[in-house]
Structure formats: structure tokens, C-alpha cells
Amino acid sequence: MKKRYEPGEIELKWQAAWAGNGKNIFSAGISHEKPKFYCLEMFPYPSGKIHMGHVRNYAIGDVIARYKRMRGYNVLHPMGWDAFGLPAENAAIKEGIHPAHWTHENIAYMKKQLIRLGLSYDWSREVATCLPEYYKWNQWFFIRMYEKGLAYRKASFVNWCPSCSTVLANEQVIDGKCWRCDSAVIQKELEQWFLRITAYQQELLDASDGLAGWPQKVVLMQKNWIGRSDGLEAVFRVEGTGDSITIFTTRADTLFGARFICLAPGHPLAEKFAEPGALAGIREHYGKVDEKHGLFTGRYATNPVNDEKIPIYVANFVLMEYGTGAIMSVPAHDQRDFEFAQKYGLPVKVVVTPEAGGLVPSDRAFEEDGILVESGPFTGLKSAQAREDISAFVEGRGMGRKVVNYRLRDWGISRQRYWGTPIPMIYCERCGIVPVPEKDLPVVLPEDVKFTGKGASPLAESEGFLNTTCPSCGGNARRETDTMDTFVDSSWYYVRYCSRKDEPALDKGNIGHFMPVDQYVGGVEHAVLHLLYSRFFMRVIRDLGLSGVSEPFQRLLTQGMVCMETIRCPEHGWLYPSEAEGGVCARCGRAVERGRTEKMSKSKRNVVDPDHLIKTYGADTARLFSLFAAPPENDLQWSEKGVEGAQRFIQRVWAFVYDNMEGLASVKGQPPEGVSPLLRKTHQTIMRVTRDIEREYHFNTAIAAMMELMNTLAAAEHGGREEQEGLRQVRFALEKLLLMLSPFCPHVAEELWEAIGMPSSIQLEPWPEYDEEAAREEEVELVVQINGKVRAKIMVPQGLSDEELKGRAMELTRIQEAVSGRQLANVFAVKGRLVNIVVK
RNA sequence: GCCGGAGUGGCGGAAUUGGUAGACGCAAGGGACUUAAAAUCCCUCGGGGGCAACCCCGCACGGGUUCGAAUCCCGUCUCCGGCACCA
């Protein structure tokens with residue numbers, strides 16, 4: 001053992017040992033002796049290099065995996081690559097590198113980085129979604145779904161990102177902008193393929209409440225995204241045409257207040273009733289959050305509840321995609337209708353008044369529930385009751401029915417790009433749409449394509465790909481040239497991991513053994529994207545008979561972002577820390593401004609390069625700091641000084657072993673016999689660390705507890721060193737410390753374990769047990785309060801009764817003085833460690 | 001606007017079945033070792049008062065419940081996240 005701790009050296013040594021010439025000690029197989037534990041982290045997009053967010057995500061997952069292995073589980077801990085996507089294609093356009101080449105190079109580099117971090121993955125299950133043997137199964141799922149009516153094609157207005165030249169799903173539009181590139185999204189009408197996630201909307205919603213191991217925040221976001229609302233569909237007959245308009249409302253209680261009808265510009269009757277030129281004017285404003293625009297059709301409709309005739313308008317703010325594409329407008333009780341009515345001089349009729357009394361405001365809509373007025377036989381009812389009764393009344397007249405609407409839309413998966421899974425469909429002039437037969441899968445991406453970045457997708461220009469024959473009639477046909485949204489790839493990869501690369505992809509036995517994922521770890525940014533799609537896919541997989549599991553992820557941990565201070569030069573903008581040494585800009589010498597702490601990003605230059613970090617401090621330190629600085633679900637503020645502090649702790653452990661080598665060796669294999677503060681502290685630490693890991697993975701406090709044990713150990717070293725029993729205790733404490741440290745800092749734990757003469761890998765050791773009896777303090781500090789204020793602290797023996805504690809407290813001189821001359825009202829004793837004396 | 005979550009030292013964070021506020025770490029100050037520096041080790045470290053034993057004030061702010069509140073309840077402010085013409 002060297003005196004100096006050299007992380008680079010020992011980390012490479014142990015990484016090689018773990019990989020063990022092809023026989024990775026972390027590979028998992030089906031086990032009948034051990035319970036399984038499936039630990040999964042979100043796989044990365046191979047963008048080139050890993051970033052600190054990955055380091056944190058994977059450090060968290062690795063501690064869990066290693067901890068569970070020590071606890072006797074058969075741990076499945078795989079890793080792979082979310083390898084399709086736009087950056088590869090953009091690189092092809094810009095630099096002329098083929099996306100496959102670019103992607104595989106990045107994977108090779110990033111895989112080295114992950115191995116260098118000492119992450120305990122089973123690489124025999126590695127997937128890359130861009131490989132035909134992987135995406136074949138995307139196509140297979142697609143065809144199965146097509147057969148079941150879960151995949152279908154339709155024309156609709158879609159979210160279009162002009163910069164990415166592709167369609168985006170609703171979930172991928174953030175604040176009206178593209179989730180990838182931030183460009184403003186526009187609406188465009190296109191034919192595309194959809195997956196019918198809405199077939200599972202109610203099941204997904206119902207099951208949400210069962211996601212006990214998920215952050216409630218994420219569950220809530222999913223529920224809101226599905227957005228169930230219960231209401232009434234009511235039929236309004238159009239005067240003199242024989243047409244009728246069905247509207248959807250959640251406020252049947254306001255039906256008597258309906259003053260006009262609004263149709264979406266895309267509604268069939270809007271086209272029938274409105275003059276085309278004027279309608280086009282309204283359509284221009286459709287889907288935009290701006291002023292309301294309306295057009296009177298000249299027609300009137302009859303309110304089914306009181307036969308009142310009200311005018312029909314076309315309005316830009318009514319969405320065709322939700323409900324029926326038509327609404328009744330109640331300006332008194334809906335702010336949007338109120339604004340519309342104001343603009344077009346339409347009447348307002350109040351039908352609900354505040355329950356507490358008082359007037360309905362005249363400058364805005366009164367949207368709350370209340371008491372009905374001027375509502376015929378329903379006048380006087382409360383809103384909730386009126387909704388029921390009016391709905392029943394309309395239903396009874398055969399003019400409507402109660403319905404449930406959802407905000408969730410089907411998932412549009414067509415992407416007009418090359419680097420994705422080809423949608424396995426063929427268009428035949430004679431037979432129409434024909435799926436590619438299973439024996440012809442995969443439909444492989446052609447290699448010989450040009451990436452110009454202009455015009456249509458490269459696939460549409462590849463003659464060899466485009467032209468094919470119809471599987472059904474053998475005639476000329478052409479292929480679908482759109483590829484799948486890459487979220488399809490990631491919706492089932494956790495199922496693929498259940499089988500090794502050399503095993504069949506969807507093996508029921510393997511899936512049955514390992515699914516569901518016991519612990520999933522990743523960023524909260526996927527709360528409604530990937531996580532909802534995966535829950536949908538898992539149900540499809542279940543309904544295809546491949547698994548009995550409905551929920552893919554038993555427990556979910558969403559880790560916070562990695563943040564760092566930003567630095568700005570008034571002239572040169574954002575600076576890297578290295579460009580601002582001494583608080584001045586390296587280029588112009590002006591004083592820099594220290595900005596707020598924000599998520600690490602290249603554009604703000606507040607990034608730390610993992611390669612550099614590992615080179616300087618080693619993987620163990622990088623891991624330790626990532627886990628120590630904050631609990632996993634919080635944002636983490638990166639701090640170079642904090643990293644040094646983490647390394648200092650490792651060095652202290654190292655130096656302690658080095659300095660005490662002889663003594664430690666002399667008592668090898670001799671367990672301690674006596675009791676001592678050090679032994680007590682050791683048992684207490686095992687208790688705390690175990691509890692902190694089990695309880696919500698609070699690694700920061702677990703590490704703090706280990707630091708405390710190290711502090712105690714360092715202090716104990718000086719006393720009684722000659723004595724053999726003392727040495728036995730020191731060795732005992734140290735062994736336990738190394739065991740507990742090993743999931744966090746596996747390399748240094750392994751090295752020191754070997755140094756103190758342990759014959760086999762620390763990875764194979766069980767997690768240490770604690771003895772509650774041995775952890776108990778002989779004496780406790782008794783806090784004595786008077787009227788809730790601390791007035792004394794004394795040491796008393798463990799286990800005194802409440803009465804004895806009160807006695808001990810009362811006999812203290814200080815307490816006597818404070819109490820004398822006042823009336824004793826009450827005395828409380830709490831948990832054997834606090835006495836509160838109440839005096840008046 | 002609606003729905004969530006959070007406000008604790010100079011900083012990251014501990015302490016929640018109501019019971020010693022500030023564990024652990026960082027920064028800062030002082031000291032030891034050294035020719036010197038680094039490293040290491042020791043001490044101090046929420047604010048105020050006092051020679052001292054000690055006392056007062058402090059968990060965003062204002063109330064309340066309680067013997068006792070960072071923790072429970074009501075109100076206010078600020079910050080963060082999600083949704084956003086979803087009828």
C-alpha cells in the first residue's frame with residue numbers, strides 16, 4: 001500500500017478486476033435463490049460526452065444497485081443508448097459524417113466514461129436503439145398495434161417545428177416552443193400515424209393513485225395531463241336547416257345562461273354556414289393565444305333546456321380537438337365567453353349568484369359555483385345539484401347525455417426525418433395500406449442517402465428504399481418514408497434489458513423474472529413524456545400476452561439538476577471559470593459579474609467536464625461529492641471546494657489505514673469482546689446509514705454519518721493503541737466503515753479492503769448488521785426545561801422511569817432556584833430525555 | 001389565471017409520529033508544525049448583552065393551537081416547477 005492516495009491508479013486496477021477478462025462480476029442472470037431487484041437509470045442520448053447530470057444520475061443508481069447486491073438481491077443493473085435522434089442527423093448535414101458513424105463513435109467514448117466512473121453495469125444487456133436488431137421490435141410493436149387498431153393514420157393539424165423540419169407530439173411542445181431547439185412551433189395539416197394512447201386513458205388515470213413509490217408531483221402532473229373532466233353533451237337544433245350542434249360543457253348548471261353558440265373554425269357546420277373568405281380570416285387566428293375573433297353565421301340554434309333561440313358564431317378560441325368542437329357560451333360565468341361577448345356586443349345573463357350573498361361582478365365573469373337564479377324549475381338549487389338535475393333533464397328529453405372528456409390526445413409518432421425507426425408500412429395503389437410482413441422485418445434504414453438538410457426527408461428521396469412491391473398483391477408499391485418518434489424506442493427498452501444481447505428480444509420467461517423495474521432513477525423532465533408513454537407501452541405489452549405487469553416502474557426517483565454559478569464579462573458574455581481567474585476576464589481584464597446559480601449548460605458556460613473532474617480527483621471523489629452535497633431529489637450546487645472536501649474525507653480514511661497498518665494486521669480475524677464508545681458509535685453508524693439509504697435514499701446524511709464515524713475513529717486511534725482489545729475495536733469499526741463506503745466509493749473501499757488483508761472482493765461481502773443493544777448509550781443527556789425553555793442539561797443513566805427523571809430534574813439547584821416562590825403547575829417527561837417543568 | 005412544492009447560519013444542508021435548532025461538509029478567523037509555502041493537526045464560528053456563571057433574540061412575515069411549534073392550523077409575502085383559451 002502506498003502512503004499517497006492515487007485514485008487514478010487504483011480505480012483503473014479495480015475496474016479491470018471487475019470486468020475480469022470478459023466475465024463481468026456485475027452480470028445478472030435468472031436466480032432462484034435470491035430475490036430479484038431491477039435497478040434502472042434513464043439511458044442517455046449519445047451526444048458525444050457525458051455531462052454532470054449523467055454523473056449524478058448514474059452515481060445514485062449505482063449506489064442503490066451495489067447496496068441491494070450487498071443486501072442479498074440478484075440485481076439487474078443494465079445500461080444502453082437512446083441512439084436515434086436529430087443531433088446525429090444534424091451532424092451529418094453539417095459535417096458530412098453518417099449518423100450511424102457519428103452515433104457509434106459517441107457511444108464508444110461515452111461507454112468508456114461510464115466504465116471509468118466505476119458504475120456496476122451488466123454490459124451483456126447493452127442496447128443501442130439505432131441497431132436494426134433493436135428497432136426491428138419497434139416495427140414489430142407497431143404492426144401488432146396496427147392489427148389491434150391501436151395504430152392508425154389520419155390527417156390533422158399538427159405541431160410543426162420549422163427548424164427541425166418535423167412534427168412534434170403535444171408533450172414535446174413546451175410554452176409553444178420545440179422541446180429540443182426552442183423554435184416557435186406552428187400548426188400544419190399533415191397525414192400521420194398515431195398510437196391510440198387514449199384507449200388506456202382511464203386505466204392510466206385510475207392506476208396513477210397506485211403509484212405509491214413515485215413522487216406525488218409526477219403523479220399529479222400525469223393526472224393533469226390526462227385531464228379527465230365530467231360533463232354533459234347537449235344538442236342544439238339549428239333553425240331551419242335540420243342540422244344540430246352538439247356541445248360539451250362541464251357547467252350544465254349554467255345552461256339557462258347560454259347566450260350564443262361558438263363553433264371551432266374546423267367544425268363541419270362552420271364550413272357549411274360561414275362564407276369561406278370570412279372563415280379563413282378566423283382560421284388565421286386559430287390556436288393562438290391572442291385576441292378573440294368571431295364571425296356570426298346568420299343562423300340560430302335552440303337551447304334544449306328552454307327552447308330559447310340563440311345566435312351561432314364561429315370563434316378562433318374554440319378547439320376542434322377537444323370535446324365536440326362546439327361550445328355554448330355563457331358570458332356571465334365564463335371569462336372567455338365574457339370577453340367574446342364584450343367585443344361583439346352580445347348580452348350577458350346571470351344565472352348563478354354567490355352562495356354567501358352579494359352581487360355578481362359586472363366587469364368579469366363569475367366562474368364559481370353558487371345558487372341558481374332565473375333557471376326555470378332549477379332556480380334556487382346549488383350548482384352541484386343543478387348540474388346533476390339539469391343533465392338528467394336534458395337526457396330525459398333525449399337531447400343529450402352525460403360524457404367524460406379527456407385532455408389527452410393520441411400520440412402522433414410520424415417524424416419526417418431519416419435517423420429513426422422506419423414505420424413498417426407499404427402503400428399499394430390496389431390494396432391500400434399494407435403492413436410489412438413479420439418475416440420481412442426489420443425494414444432497415446438505407447445507407448446510401450444524402451443529407452442536405454433541405455426538402456423532404458432523405459428517405460423520401462431514396463429510390464431504393466421508397467420503391468417496393470406490395471406484400472399482398474405483388475404489384476408496385478411504395479414505402480412509408482416517415483420514421484418513428486424516438487420516444488417509441490425508450491418506451492420499452494427496460495423490457496429488452498430483461499434478456500441478454502444474445503438472447504431473444506421479448507422472452508416471456510426473462511420478462512416475467514425481472515419486470516417490473518424496482519427502482520427507476522432519472523430526471524423530472526420526463527414526467528409526462530417518457531414516463532407516460534412507457535406506462536402505455538407496458539399495458540400494450542401486457543395485452544399482447546408478454547407480461548403480467550401493468551406498471552413498468554415500481555419506484556421512481558427524480559433527481560434534481562446539477563447547477564453552478566454563472567460568470568459574465570460585460571463585454572465578452574458568459575465565461576468559463578478558467579477564463580475568469582482572479583475575478584477578471586482573461587481576454588479584456590474587466591471585472592466579471594457573478595450571476596445566479598443555474599442549471600449547468602454549455603451556452604452559459606457554467607459546466608464542469610467529467611473527464612477533467614475524474615482526472616483531477618478520481619471517480620470515487622466525483623461520486624461522493626455528487627451524493628453528499630444534497631439529497632438526490634434537490635438541485636445540486638456544484639462547488640470545487642466541496643469536491644475537495646469530499647476528497648479530504650477519502651484521504652483521511654486512506655491515511656488512517658496506512659498509519660495503522662501494523663496494528664490492524666496484528667488483530668486480523670479477532671472480533672472485539674468488550675464495549676466502548678467506538679463500538680457503540682460503529683453500531684449507531686450502521687443503523688443510521690442503513691436507515692438513511694432505506695428511507696428515501698438520503699445519501700447525504702448517510703455519508704455524514706460515515707464522516708462522523710471516521711472522526712471518532714481518528715480520535716480513538718491515539719488512546720490505548722498498545723492494547724490488543726483496543727486494536728480489535730479499531731479494526732472492527734474500520735471494516736464496517738469500508739463496507740458501508742463501498743457502494744459510494746467502490747474503488748477505494750476495495751483497495752483498502754485488500755490492504756487490510758481481506759482475501760476476496762468487498763463487492764461480494766454482505767451489508768453489515770448492527771446490534772441495537774450495542775448501539776445503545778449507557779448515559780443520555782437529560783434536557784430540563786422550565787416553561788419550554790432549556791434551563792439545564794445533565795447526564796443520567798439510560799432507562800430511568802419518567803418519575804425518576806422528574807425527580808432528577810427537580811433536585812437540581814438551578815431548577816430549585818428557578819422554581820422557588822412560584823406555583824408548580826405540571827411536569828412532563830418525554831422519551832427519557834427531556835423534562836419540562838411548568839410553573840406559574 | 002389554475003394546480004403543486006419550497007422558504008432554516010456567510011454557503012450546501014441536518015433536525016419532521018410536535019420535545020436540546022444548526023449534525024456533516026464548505027467558507028472564514030485564530031493557533032501548532034515548517035526557513036517558507038502547501039499539506040496536516042488543534043481551537044472558534046447564528047445575532048446581541050455580560051468579567052463571569054449566564055441572559056435575551058432567532059427556522060420568510062403576522063396571528064393561533066399547545067406545557068412545548070422549524071414541524072400542526074389560518075392569513076400574507078417571495079421563489080421554484082407544471083398546465084395554460086381543454087369549455
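To find a chain, count down the sequence lines: A is the first, B the second, and so on, and within it residues start at 1.
Taking a 6.0 Å sphere around CD of A:E804, one finds it holds more than 12 heavy atoms contributed by other residues, nucleotides or ligands. The 12-atom threshold is not exceeded at NZ of A:K599, counting heavy atoms of other residues, nucleotides or ligands nearer than 6.0 Å. Atom CZ of A:R364 has 12 or fewer heavy atoms from other residues, nucleotides or ligands within 6.0 Å.
In the set B:C67, B:U20, B:C24, the nucleotide with an atom closest to the side chain of A:M707 is B:C24. Side-chain proximity of A:Q785 to the nucleotides B:A14, B:U20, B:G25 is greatest for B:U20. The nucleotide whose nearest atom lies closest to any side-chain atom of A:D334 is, among B:U20, B:A87, B:C83, B:A87. Picking from B:U20, B:G82, B:A87 the nucleotide with the shortest atom distance to the side chain of A:Y322 gives B:A87. You'll find that the side chain of A:N836 is closest to B:G19, out of B:G19, B:U17, B:C24. Here the side chain of A:K641 is nearest to one of B:A27, B:A87, B:G19, namely B:A27. For A:T249, the side-chain atoms get nearest to B:A87 when compared with the rest of B:C24, B:A87, B:G19. In the set B:C85, B:C67, B:G25, B:C85 carries the atom at the smallest distance from any side-chain atom of A:N316.
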Exercise. Tell me, for nucleotides 2-12 of chain B in 5' to 3' order, what letter each nucleotide earns: B for a base near a protein heavy atom under 4.0 Å, S for only sugar-phosphate near one, - for neither?
Worked result: -SS-------B
Seminar exercise, completed: Letter by letter from the 5' end, nucleotides 42-48 of chain B scores (B base, S sugar-phosphate only, - none; protein heavy atoms under 4.0 Å) -------
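Between A:R259 and A:D337 no salt bridge is recorded (no basic side-chain N to carboxylate O distance below 4.0 Å).
Anti is the conformation of B:G81, whose glycosidic angle sits further than 90° from 0.
We find that CD of A:Q222 is positioned 12 Å from P of B:C83, with the value rounded to whole Å. Residue A:Q823 contributes atom CD, which lies 15 Å from atom P of B:C67 at whole-angstrom precision.
In this pair, A:W225 does not lay its aromatic ring on the base of B:C83; centres under 5.5 Å and planes under 30 degrees do not both hold.
Pair assignment for B:C26: B:G10, on the basis of Watson-Crick or G-U wobble contacts that are both within less than 3.5 Å. When both pairing distances are held under 3.5 Å, B:A70 makes no Watson-Crick or G-U pair with any nucleotide shown. For B:G1, the paired base is B:C83 (Watson-Crick or G-U wobble, both distances below 3.5 Å). Using N1 to N3 plus N6-O4 or O6-N4 for Watson-Crick, or N1-O2 and O6-N3 for G-U wobble, each under 3.5 Å, B:U17 pairs with nothing. Under the Watson-Crick or G-U wobble criterion, with both distances below 3.5 Å, B:G75 is paired with B:C61. For B:C41, the paired base is B:G31 (Watson-Crick or G-U wobble, both distances below 3.5 Å).
At least one donor-acceptor pair closer than 3.5 Å links the side chain of A:S383 to the backbone N or O of A:G370. Remark: the backbone N or O of A:E367 is not paired with any side-chain donor or acceptor of A:H333 at under 3.5 angstrom. One N or O on the side chain of A:R535 and one on the backbone of A:L204 form a donor-acceptor pair closer than 3.5 Å.
For A:T701, no side-chain nitrogen or oxygen approaches OP1 or OP2 of B:G13 to under 4.0 Å. Put simply, A:K789 has a side-chain N or O that comes within less than 4.0 Å of OP1 or OP2 on B:C57. Residue A:R648 places at least one side-chain N or O closer than 4.0 Å to OP1 or OP2 of B:U40.
A cation-pi arrangement is not found for A:K292 relative to A:F340, the charged atom failing to lie both closer than 6.0 Å to the ring centre and inside a 45° cone about the ring normal.
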Can you tabulate the close N/O pairs, meaning under 3.5 Å, that link protein atoms to atoms of nucleotides 50-54 of chain B?
none

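Side-chain contact annotation: A:N224 with A:R407, donor-acceptor N/O pair under 3.5 Å absent.
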